[in-house]
Protein chains: 2
Amino acid sequence: MRADAKKNHDHILDVARELLATGGADASLRDVARKAGVGLGTMYRHFPTRETLLEALLRSSFDRLSASAVELERTGPGNTALLSWLREVIVLARHYGGAIRSMVAALEDESSALHASCVGVKAAGTRLLARAQSEGTVRPDLDGADLFAIVGALAWINDQPALSQRSDHLFAIITDAVLTKP
Amino acid sequence: MRADAKKNHDHILDVARELLATGGADASLRDVARKAGVGLGTMYRHFPTRETLLEALLRSSFDRLSASAVELERTGPGNTALLSWLREVIVLARHYGGAIRSMVAALEDESSALHASCVGVKAAGTRLLARAQSEGTVRPDLDGADLFAIVGALAWINDQPALSQRSDHLFAIITDAVLTKP
DNA sequence: ACCTGAACACCGTTCAAGT
DNA sequence: ACCTGAACACCGTTCAAGT
């Protein structure tokens, strides 16, 4: 990559991070280009789709989640490990409002730039879930997809201003349902 | 209302019902006007905001929910009554994809055309919740807002094609968490 | 190689002009 | 009273033209 291209790439990313954090995951890409002082074509060359941009923004967070899962897989009891990890995922989703929707969609769309990352996150969650289940502390009638759905639902609650006040409480209640055997 | 106006009003509603049912709650209003064979201004005169249109579409469903709640308030044990009612709400939300988002927002926005209806639905749910709680079959640390949030979260799961297969299962698990004392 | 911005096809919303 | 559609300000996406 040429030096000027690299500079543009990084600057777009910086601006996008700020705009998507404040305006939600469906902020105007035109705005991003404008505020980055870059032509529209440049924007689209570096990030051909919204998913590409989201992926670049979330990459480091995804990596951190994976590392954290590996760590948690061999510490403490399985149920508390799973719970801590779920909390981390929610915190991430909270920071990029609406991003969870793209992540869920990407899970089944192999052509999405977010696909690999989301599959990785799901796999990490599934491993933590399986261990807790084998220890008998989490209900056995759940799979990784269910876990992802629950995370998504909690993130959605977080995204709604009218509901976000009670979201910690609801996190506790719903994870309670997951972590308790039926 | 003049006869031609009434006719336009109803026809817009019919077209909108079909378009919003298939394309989700944020289908193009321009499309609605176009397919109803009506000028854009006519569209906006009859339904100045998207909420107005949604309200007109959902009115009968809202009324049915309220009637159903009144009915359920004096039949069977409180927890099963609450559960049946929650199921009805979910079915409604399922039919108008994305509408639940507007409903949640309308709950706090007094200027929204959906406000009154949503407050009514929330109140009905709160009554059913309170009865079940007084019977000691539902966890006491929940209020009407929590209930609405849970319904929203379940409806959100339903809206995501990747998750909807497991949504019945998740409905069972999450309502289980609600209906069981901690 | 990379960047720019005009061009195209959309959208929501408003409003002067028509009947 | 009511309807129409042009007009305006946006958006995403593409692509010829520039350096």
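Here is how names work: the chains are called A, B, and so on, in the same order as the sequence lines, proteins then strands, and each is numbered from 1.
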Whole angstroms only, please: what is the [atom1]-[atom2] distance between [X] and [N]?
X: Arg45(A); N: dG12(D); atom1: CZ; atom2: C1'; value: 18 Å
X: Asp26(B); N: dG12(C); atom1: CG; atom2: P; value: 10 Å
X: Tyr44(A); N: dA6(C); atom1: OH; atom2: P; value: 16 Å
X: Asp10(B); N: dC2(D); atom1: CG; atom2: P; value: 14 Å
X: Asp31(B); N: dA9(C); atom1: CG; atom2: P; value: 16 Å
X: His11(A); N: dC2(C); atom1: NE2; atom2: C1'; value: 18 Å
X: Met43(A); N: dT13(D); atom1: CE; atom2: P; value: 10 Å
X: Lys6(B); N: dC3(D); atom1: NZ; atom2: C1'; value: 18 Å

Using a heavy-atom cut-off of 4.0 Å across all strands, would you classify [X] as base, sugar-phosphate, or nothing?
X: His9(A); result: nothing
X: Ser28(B); result: sugar-phosphate
X: Leu40(A); result: base

Arg2(A) or Gly37(B), whichever maps to the more 5' nucleotide of DNA chain D: Gly37(B)

Asp4(B) or Pro48(A), whichever maps to the more 5' nucleotide of DNA chain D: Asp4(B)

Polar side-chain atom of Arg131(B) near backbone of Glu73(B) as donor-acceptor pair, under 3.5 Å: yes

side-chain contact (heavy atoms from CB on, under 4.5 Å) partners for Leu65(A), two or more places apart: Trp85(A), Glu88(A), Val89(A), Leu92(A), Val121(A)

Any donor-acceptor N or O pair under 3.5 Å, side chains Glu51(B), Ser102(B): no

Distance-only side-chain donor-acceptor flag, Thr49(A) / Thr52(A), under 3.5 Å: yes

Base-paired stems that DNA chain C participates in, counting runs of 3 or more Watson-Crick or G-U pairs under 3.5 Å: C:4-8 with D:12-16, C:12-16 with D:4-8

Aromatic plane relationship, His46(B) with His9(B) - under 30° parallel, 30 to 60° tilted, over 60° perpendicular: perpendicular

Ignoring backbone atoms, test whether [X] places a side-chain nitrogen or oxygen under 4.0 Å from the OP1 or OP2 oxygen of [N].
X: Asn8(A); N: dC2(C); answer: no
X: Arg34(A); N: dC10(D); answer: no
X: Arg30(A); N: dG5(C); answer: no

Lys/Arg N to Asp/Glu carboxylate O, Arg166(A) vs Asp143(B), below 4.0 Å: yes

Residues Asp31(A) and Arg34(A) bridged, charged N to O under 4.0 Å: yes

